[in-house]
Amino acid sequence: MWAAFGAVALEARGLAERAGLGLEGPAATGAVLVLAGLYQFSPFKHACLRRCRTPLGFVLGFWRDGSVGALRMGVQHGLYCLGCCWSLFLVLFPLGLMNLPAMLAVTALVFAEKVLPAGPVFARASGAAILVWGLATLVRATLA
């Protein structure tokens with residue numbers, strides 16, 4: 001799922017750049033951060049997070065026999081994972097795909113959401129922080 005998402009996201013980025021709509025600069029960074037921050041509060045994100053936080057519960061609740069069943073379960077769980085965290089990974093585009101501190105921060109955030117007992121609360125708190133960061137970035141972009 002993540003490989004497919006990455007390929008589509010990279011292609012979309014390339015199309016945007018060819019159309020003159022690059023994702024670099026403070027305005028684009030702020031917009032992506034606002035989107036990611038808002039998504040952290042969405043019911044869809046939290047429905048997906050519930051499934052991602054309990055892989056064993058997912059397996060027990062959605063069991064399918066055989067190789068095709070296992071593939072189907074893997075794709076379905078991968079979609080829940082993608083639905084949970086796509087916006088956080090999208091943040092890496094304006095911050096830099098090879099930006100190690102940004103990659104570590106996103107990884108730590110995803111880990112905290114999925115593993116810590118207060119993961120859903122942490123997701124909302126981080127959403128507020130990302131949203132404020134994005135709005136501040138947009139304000140700074142308009143004042144520059």
>> To check you understand the geometry: which heavy-atom pair defines the closest contact between Pro120 and His46, and what is its length?
In response: O-CE1, 3.6 Å
>> For the CZ atom on Arg72, are there more than 12 heavy atoms of other groups (residues, nucleotides or ligands in this structure) within a distance under 6.0 Å?
In response: no
>> Which heavy atom of Gly127 sits nearest to which heavy atom of Phe41, and what is that distance?
In response: C-CE1, 3.7 Å
> For the residue pair Pro94 and Thr29, what are the closest heavy atoms and their distance?
Replying inline: CB-OG1, 3.4 Å
> Under 4.5 Å between side-chain heavy atoms, hopping through other hydrophobics if needed: is there a path connecting Ile130 to Leu97?
Replying inline: yes
> Going through the distances and angles, do Asn99 and Leu92 end up as a side chain to side chain contact (heavy atoms under 4.5 Å, CB included)?
Replying inline: CA-CA 8 Å; Asn99 180 337; Leu92 293 174; 5.9 Å; no
> Any side-chain heavy-atom pair from Tyr80 and Cys84 closer than 4.5 angstrom?
Replying inline: no
> Is Leu60 reachable from Trp63 through a run of hydrophobic residues whose side-chain heavy atoms are each under 4.5 Å from the next?
Replying inline: no
>> Looking at every heavy atom in both Lys114 and Cys52, which two are closest together, and how far apart are they?
In response: NZ-SG, 3.6 Å
> Crowded around Trp86 CH2? As in, over 12 foreign heavy atoms under 6.0 Å?
Replying inline: yes
>> If I compare all heavy atoms of Leu33 with all of Gly134, which pair ends up nearest, and what's the gap?
In response: CB-CA, 3.5 Å
> Can you tell if the side chain of Phe89 reaches within under 4.5 Å of the side chain of Val110, non-hydrogen atoms only?
Replying inline: yes
> Is there a path of hydrophobic side-chain contacts, each under 4.5 Å between heavy atoms of I, L, V, M, F, W or Y residues, that connects Leu95 with Leu100?
Replying inline: yes
> So does Glu113 pair up with Lys45, basic N to acidic O under 4.0 Å?
Replying inline: yes
> Same cluster for Phe44 and Leu88 if Ile/Leu/Val/Met/Phe/Trp/Tyr side chains link at under 4.5 Å?
Replying inline: yes
> Step by step, would you call Trp133 with Val34 a side chain to side chain contact (heavy atoms under 4.5 Å, CB included)?
Replying inline: CA-CA 8 Å; Trp133 180 19; Val34 166; over 6 Å; no
> Once you round to the nearest 0.5 Å, how far does CZ of Phe111 lie from CZ of Phe122?
Replying inline: 11.0 Å
> Does a side-chain N-to-carboxylate-O contact under 4.0 Å join Glu11 and Arg18?
Replying inline: yes
>> Distance check, rounded to the nearest 0.5 Å: Leu38 atom CG versus Gln40 atom CD?
In response: 10.0 Å
> What do the steps show when you test Met1 against Phe5 for side chain to side chain contact (heavy atoms under 4.5 Å, CB included), and what is the final call?
Replying inline: CA-CA 6 Å; Met1 286 294 105; Phe5 174 76; over 6 Å; no
>> Are the side chains of Gln76 and Leu79 in contact, using a 4.5 Å heavy-atom criterion?
In response: no
> Are Leu131 and Leu109 grouped together when hydrophobic residues (ILVMFWY) are joined by side-chain heavy atoms under 4.5 angstrom apart?
Replying inline: no
> So, His77 side chain and Val59 main chain: donor-acceptor pair closer than 3.5 Å or not?
Replying inline: no
> Okay, side chain of Arg53, backbone of Cys48: is any donor-acceptor separation there less than 3.5 Å?
Replying inline: no
> Looking only at heavy atoms, which two atoms of Ala31 and Leu138 are closest? And how far apart?
Replying inline: N-CD2, 3.7 Å
> Does the side chain to side chain contact (heavy atoms under 4.5 Å, CB included) test come out yes or no for Phe93 and Val32, once each step is laid out?
Replying inline: CA-CA 9 Å; Phe93 281 92; Val32 171; over 6 Å; no
> Does Tyr39 offer a backbone N or O that forms a donor-acceptor pair with the side chain of Ser42 under 3.5 Å?
Replying inline: yes
